[in-house]
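Let me begin by presenting the structure, written as structure tokens, before commenting on it.
In what follows, residues are counted from 1 in the order of the sequence shown. Just so we're clear, the structure is a prediction, and the values are computed from it rather than from any experiment.
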Amino acid sequence: MRTPEDVFEDFKGRRKGILRAVTTDVDRLYEECDPEAENLCLYGMPDGSWAVDLPAEEVPPEMPEPSLGINFSRAGMQKRDWLMLVAVHSDTWLYAVAFYNGARLDKGGRERLFDLINDLPTCYEIVAGKGSAASKAQNRKRPPAPMTSGRPGQPKFARQVHPQSRPHVRPSDRGPGPRHTGYDEDDDEDEVDSDDPDGNYADGEGDPCPNCGRVYR
């Protein structure tokens, strides 16, 4: 396999077989995965078929092997949960085989292979009803929400404030008024002799006010 497209064609065939096993041929898969049997694996073939079989006896194997013992967990799980578990392990096996076949590709070829594979929903997403090719493409094209950062590591959503929406500050809210010094006009009256209602002193002590004639001590 010399090109990413060659590897991808092999991946699509094996993926088609896995999907057929966990969606269309569920009853047959369920029967073949006997919990009383030995360690069994689910294989997807390049031609779109599938098979449940024992793992290869070669050590190391010629190519990556699927997860062992998928039949053992069948007895203790709900059927749907078990199918999703098989789909997850099958996804990892499909990726391993694809990049095993693409080991001789250069950086650009591996990136191209990943993009081709990533355009397809996983087997798990299909079994769980969470994924489709259209939804994945739409999520990739969706622009991110505008964000602004006040401090590094703390992004915040941008927020616009209309000038008329700013709060009106009343004069009383702008700050404290003049400080009261303790002086009161009534204090002046206390210093006037109560014997003379006009505030004039008979003894002549103090200085008279040039305006009102009162004498202050």
Side-chain angles (χ1 to χ4, degrees), residues 1-33 37-74 77-145:
M1 299 182 185
R2 298 182 179 181
T3 67
E5 287 74 18
D6 293 339
V7 179
F8 182 60
E9 286 300 319
D10 181 85
F11 172 86
K12 284 200 306 181
R14 296 180 185 276
R15 174 179 173 274
K16 182 179 179 181
I18 295 294
L19 287 176
R20 180 176 297 173
V22 295
T23 57
T24 305
D25 301 338
V26 173
D27 294 337
R28 176 186 157 199
L29 174 67
Y30 200 78
E31 292 176 1
E32 293 193 17
C33 290
E38 299 182 19
N39 288 324
L40 297 177
C41 303
L42 174 60
Y43 292 89
M45 305 303 179
D47 61 357
S49 61
W50 63 273
V52 173
D53 203 349
L54 295 171
E57 296 181 358
E58 300 177 74
V59 179
E62 181 180 357
M63 62 185 302
E65 287 289 316
S67 296
L68 298 175
I70 60 172
N71 52 314
F72 294 149
S73 58
R74 197 205 75 176
M77 299 181 66
Q78 295 291 329
K79 192 172 186 179
R80 176 178 171 80
D81 295 338
W82 178 74
L83 289 172
M84 289 192 291
L85 178 64
V86 173
V88 167
H89 286 294
S90 298
D91 282 326
T92 61
W93 175 69
L94 289 171
Y95 297 152
V97 172
F99 283 94
Y100 173 83
N101 291 331
R104 293 179 175 81
L105 298 174
D106 59 10
K107 179 181 178 180
R110 293 192 301 271
E111 290 179 350
R112 170 64 176 162
L113 175 60
F114 175 80
D115 290 339
L116 290 171
I117 293 175
N118 202 42
D119 282 338
L120 298 176
T122 64
C123 297
Y124 169 78
E125 288 174 331
I126 292 178
V127 173
K130 296 181 177 181
S132 66
S135 62
K136 292 190 69 173
Q138 183 178 2
N139 290 335
R140 285 198 304 274
K141 296 179 181 178
R142 183 177 301 169

Glu31 with Arg28: basic N within carboxylate O range, under 4.0 Å: no
Lys79/Asp27 salt bridge by N-O under 4.0 Å criterion: yes
Residue pair [X] / [Y], side-chain heavy-atom distance below 4.5 Å:
X	Y	answer
Phe8	Asn101	no
Tyr95	Thr122	yes
Arg14	Trp50	no
Val97	Asp10	yes
Val52	Cys41	no
Phe99	Ile117	yes
Val88	Val127	no
Tyr124	Ser90	no

Distance check, rounded to the nearest 0.5 Å: [X] atom [atom1] versus [Y] atom [atom2]?
X	Y	atom1	atom2	answer
Arg112	Asp106	CZ	CG	13.0 Å
Met84	Asp81	CE	CG	4.5 Å
Leu19	Ile126	CG	CD1	4.5 Å
Cys123	Leu83	SG	CG	12.0 Å

Trp82 vs Leu29, side chain to side chain contact (heavy atoms under 4.5 Å, CB included): CA-CA, chis, key distance, verdict: CA-CA 11 Å; Trp82 178 74; Leu29 174 67; 4.0 Å; yes
Heavy-atom pair of closest approach, residues Ile70 and Cys33: CD1-SG, 3.9 Å
Closest heavy-atom pair and its distance - Pro64, Trp93: O-NE1, 2.9 Å
Leu120/Lys12 under side chain to side chain contact (heavy atoms under 4.5 Å, CB included): CA gap, chis, key distance, verdict: CA-CA 9 Å; Leu120 298 176; Lys12 284 200 306 181; 4.2 Å; yes
Counterpart residues, side chain to side chain contact (heavy atoms under 4.5 Å, CB included), relative to Glu65 (two or more places apart): Tyr43, Pro55, Ala56, Pro61
Geometric cation-pi criterion, Arg74 with Tyr30: 6.0 Å, 45°: yes
With sequence neighbours excluded, residues passing salt bridge (Lys or Arg N to Asp or Glu O under 4.0 Å) with Arg15: none
